[in-house]
Amino acid sequence: MNMLVSRSPAMSGGLRTGADYIDAIRADGRTVYYNGEVVRDVTRHPAFRGAVASVASLYDLAAHPDNRERMTYEIDGSGRRALHCYRIPRSVEDLRAARGMSAAWAEATCGLMGRTPDHVAGFLSGFAAKPSLFAAGGAAYADNVQRFFQFARDRHLYVSYAIVPPQIDRSKPAHQQSDPTLYAGVVAERDDGIVLKGAQQLATGAVLSDYVYVSCIHPLQPGDENHAFGVVIPMNAPGLKVYSRKSFALAGDARDYPLSARFDETDALLVLDDVFVPWEHVFIHRNLDVCWNQWWKTPAHSYGNYQAQVRYATKLRFLLGLAKRVTEITGVGAMPPVRVQLGELAAHATIVELMIDAQETRATTDGEGVVWPAKSALYAVMSLQGELNSRMVDMLRELSGGSMIMLPPSLADFDHPDAARDLERYIASPGYPARDRVALLKMAWDLIGSEFAGRHQQYEKFYGGASFLVKQNMFRIYDFDAATSLVDRALAGVELPADRAAA
């Protein structure tokens with residue numbers, strides 16, 4: 001069965017390379033709208049080509065022979081190899097191997113691409129670890145989950161997802177919207193599959209991916225059954241339309257926006273205009289319980305967000321490195337107040353790093369031999385990520401002062417001999433020639449002050465959803481019984497003055 005519509009090579013032998021990836025998505029017939037036009041080739045369009053090149057470089061990194069052990073594992077003694085992200089962990093060592101692979105990719109992107117191919121691969125691995133959950137809707141759905149997981153694993157596919165309904169009227173459930181097909185849902189059932197209509201978001205990276213998993217992570221109510229589905233769709237499926245947000249890769253010269261130009265993975269609204277999905281691509285069909293439980297009763301949410309925390313820890317190290325360099329450039333690095341701020345930044349970054357360690361050291365193995373990262377460590381960081389990230393970005397602003405504001409509009413100014421003489425005289429720092437200083441400060445601005453930076457601020461604040469939702473995840477898994485029993489024991493041991501007098 002040929003499950004892939006786009007031109008991805010079978011990859012039965014070696015690993016997928018960057019060239020293989022680009023060839024698979026180049027002009028494959030996907031429908032992407034940008035600035036009122038249909039983009040015929042996302043690999044060459046200036047809004048997307050920088051991100052495409054970055055993803056291609058990740059595949060090349062993984063395929064390089066020197067990185068064989070760090071990035072891949074052997075599939076069941078077959079001699080074939082797959083990326084560590086496409087693995088169901090059976091030991092803590094398996095979990096750490098996935099971390100090592102994700103860390104390598106995160107370092108290559110400075111932690112700024114949140115939905116690289118290893119992210120949804122973790123969700124697919126979590127689904128495949130618990131096929132019985134999907135079998136609650138019918139044995140065929142469990143088979144579909146397992147089959148597609150193996151298909152994606154063996155071809156090292158880039159799968160994105162769209163699992164949040166559009167923000168139309170959140171006060172009403174899906175089936176009570178003004179039009180029941182506003183939110184993506186099933187509108188027809190055929191002998192050979194189902195037909196979907198409506199929209200779903202935030203399809204981060206969908207423009208760049210091979211497939212998209214479309215489902216719903218929001219709680220659904222009785223009456224919403226048409227919206228309780230889970231399917232995989234090739235990005236060039238007829239009727240699937242992608243509306244990308246503004247690309248920040250177009251901000252200007254890549255020398256002046258070095259992060260925006262390379263790492264803007266873009267977010268998108270998916271519109272499903274009577275998209276046909278064959279039964280073999282259906283994981284969930286009109287089942288409220290399975291649609292909700294796929295996230296919480298399989299390790300999917302834990303695996304995907306374990307990867308996300310590895311990425312986030314790398315991003316914080318990058319921010320900390322920029323903060324240190326900025327203080328060196330401005331000559332304030334030795335001042336005690338500055339060291340205090342750098343120390344606080346380092347403390348925050350270290351907490352995130354160590355909570356990833358805790359997900360491993362406190363990992364549990366279930367009755368089927370599947371290893372789950374510790375949810376308490378995962379959700380503790382996710383609950384505070386929005387506040388933590390804002391605090392750290394503001395601290396970098398404080399440390400930089402006006403240094404990132406008083407910059408020439410472009411490094412191209414150094415190409416003019418008169419301008420270059422003045423710039424090299426007046427904005428150089430000891431050990432940092434003017435051109436190097438400007439390049440570094442422009443990178444720092446791209447992290448905290450550009451439109452790209454603004455998107456990242458919003459992204460990290462709502463990464464796991466609204467704050468009150470993420471914190472409820474922590475509430476659900478925290479052992480409040482142990483905490484309250486400690487209080488009860490303390491109260492039972494109190495001897496009041498009246499008690500002593502009575503004795």
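Note that the coordinates shown come from a computational prediction; the quantities given were computed from them, not determined experimentally.
Environment of CZ in R425: sparse, with no more than 12 heavy atoms of neighbouring residues, nucleotides or ligands closer than 6.0 Å. For R70, the CZ atom counts as densely surrounded, since its 6.0 Å shell holds more than 12 non-hydrogen atoms of other residues, nucleotides or ligands. The environment of K461 atom NZ is sparse: at most 12 non-hydrogen atoms of other residues, nucleotides or ligands sit within 6.0 angstrom.
For the pair K324 and E328, the salt-bridge criterion is met [side-chain N within less than 4.0 Å of a carboxylate O]. We find that E93 and R87 are not joined by a salt bridge, their nearest charged nitrogen and carboxylate oxygen being 4.0 Å or further apart. For the pair R115 and D267, the salt-bridge criterion is not met [side-chain N within less than 4.0 Å of a carboxylate O]. Electrostatic pairing of D41 and R44 counts as a salt bridge here, judged by a charged N lying under 4.0 Å from a carboxylate O. We find that D94 and R99 are not joined by a salt bridge, their nearest charged nitrogen and carboxylate oxygen being 4.0 Å or further apart.
Using a 4.5 Å cut-off on side-chain heavy atoms (C-beta onward), Q307 and T116 make contact. In this structure, the side chains of V438 and I427 come closer than 4.5 Å at one or more pairs of heavy atoms. Side-chain contact check for Q294 versus H301: every heavy-atom pair is 4.5 Å or farther apart. Contact of the T266 side chain with the S244 side chain is registered, since non-hydrogen atoms from C-beta on lie closer than 4.5 Å. Using a 4.5 Å cut-off on side-chain heavy atoms (C-beta onward), E424 and F414 make contact. Side-chain contact between V275 and P238 is absent, with no heavy atoms from C-beta onward closer than 4.5 Å. S376 is not listed as a side-chain neighbour of Q359, based on a closest heavy-atom distance of 4.5 Å or more. With contacts defined as side-chain heavy-atom distances shorter than 4.5 Å, the pair M235/V242 qualifies.
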Exercise. Give the intermediate values and the outcome of side-chain contact (heavy atoms from CB on, under 4.5 Å) for residues K375 and M474.
Key: CA-CA 8 Å; K375 288 186 177 181; M474 191 69 209; over 6 Å; no

Quiz item: Which is it for L407 and I405 under the side-chain contact (heavy atoms from CB on, under 4.5 Å) test, yes or no, and what are the steps along the way?
Solution: CA-CA 6 Å; L407 289 173; I405 297 175; over 6 Å; no

Quiz item: After noting the C-alpha distance and the side-chain angles of N389 and L316, does the key distance pass the side-chain contact (heavy atoms from CB on, under 4.5 Å) rule?
Solution: CA-CA 8 Å; N389 195 75; L316 294 186; 4.3 Å; yes

Self-check item: From CA spacing to verdict: side-chain contact (heavy atoms from CB on, under 4.5 Å), V32, V38
Solution: CA-CA 6 Å; V32 176; V38 177; over 6 Å; no

Self-check item: Worked check of salt bridge (Lys or Arg N to Asp or Glu O under 4.0 Å) between R311 and E460
Solution: CA-CA 12 Å; R311 186 277 313 170; E460 301 297 357; 2.7 Å; yes

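Within the model, atoms CE of M392 and CD of E344 stand 8.5 Å from one another, a figure rounded to the nearest 0.5 Å. Residue I356 holds its CD1 atom at 12.5 Å from CD1 of I351, rounded to the nearest 0.5 Å. Atom CG of L322 is separated from atom CG of L441 by 9.5 Å, given to the nearest 0.5 angstrom. Once rounded to the nearest 0.5 Å, the distance linking CG of L320 with OG1 of T350 reads 8.0 Å. The distance from atom SG of C110 to atom CZ of R317, rounded to the nearest 0.5 Å, is 11.0 Å. Interatomic distance, E265 CD to S209 OG, rounded to the nearest 0.5 Å: 11.0 Å.
You'll find the ring centres of F148 and F127 outside the 6.0 Å limit. Aromatic ring centroids of Y161 and F123 lie under 6.0 Å apart. Close placement of the Y34 and F48 rings is indicated, their centers lying within 6.0 Å of each other. The six-membered or imidazole ring of Y213 lies near that of F283, with a centre-to-centre distance under 6.0 Å.
At least one donor-acceptor pair closer than 3.5 Å links the side chain of H84 to the backbone N or O of T72. Although no hydrogens or angles enter the test, the distance criterion places a donor-acceptor pair under 3.5 Å between the side chain of W295 and the main chain of C216. Side-chain atoms of S260 do not come within 3.5 Å of backbone N or O of Y257 as any donor-acceptor pair. Distance alone, capped at 3.5 Å, places no donor-acceptor pair between the T314 side chain and the G111 backbone. H119 places a side-chain N or O within 3.5 Å of a backbone atom of G304 that can act as its donor or acceptor partner. Under the 3.5 Å distance criterion, the side-chain polar atoms of T327 are left unmatched by any main-chain donor or acceptor of G333. Between the side chain of Y59 and the backbone N or O of H156 there is at least one donor-acceptor pair closer than 3.5 Å. Using a distance-only test at 3.5 Å, with no hydrogens or angles considered, a donor-acceptor pair links the side chain of Y86 to the main chain of L157. The closest donor-acceptor contact from the side chain of S400 to the backbone of R397 lies under 3.5 Å. Remark: side-chain polar atoms of Q200 are paired, donor with acceptor, to backbone N or O of S215 under 3.5 angstrom.
Listed here is the closest heavy atom pair of A206 and S160: CA-OG, 3.4 Å. For the pair A358 and A374, the tightest heavy-atom approach, listed with the atom from each and the gap, is O-CB, 3.8 Å. Nearest heavy-atom pair, R16 versus A63, reported as atom, atom and distance to 0.1 Å: O-CB, 3.7 Å. The shortest heavy-atom contact between L272 and A199 is CD1-CA, 4.5 Å. The two residues V120 and V159 come nearest to each other via the heavy atoms CB-O, 3.1 Å. Counting all heavy atoms, side chain and backbone alike, D118 lies closest to S102 at OD2-OG, 2.8 Å.
Checking S410 against D256 by side-chain atom types alone, a donor-acceptor pair falls below 3.5 Å. Counting only N and O atoms by type, the side chains of D446 and S450 include a donor and acceptor under 3.5 Å apart. A donor-acceptor contact closer than 3.5 angstrom is absent between the side chains of Q177 and D169. Counted by atom type alone, N305 and Y379 present zero donor-acceptor pairs between their side chains at under 3.5 Å. For the residue pair Y306 and E360, a side-chain donor N or O sits within less than 3.5 Å of a side-chain acceptor on the partner. Looking at R262 and S54, their side chains never bring a donor and an acceptor atom within 3.5 Å of each other. Under 3.5 Å, the side chains of Q167 and Q201 contain no donor-acceptor pair of N or O atoms.
Applying the ring pair (Phe, Tyr, Trp, His ring centres under 6.0 Å) test to pairs two or more places apart or on separate chains, those with a residue in residues 233-252 are Y33-Y243. Contacts classified as ring pair (Phe, Tyr, Trp, His ring centres under 6.0 Å) and involving residues 417-457 (residues at least two apart or in different chains) are given here: F452-H456.
Checked against salt bridge (charged side-chain N to carboxylate O under 4.0 Å, His left out), D264 has the following partners two or more places apart in sequence or in another chain: R245.
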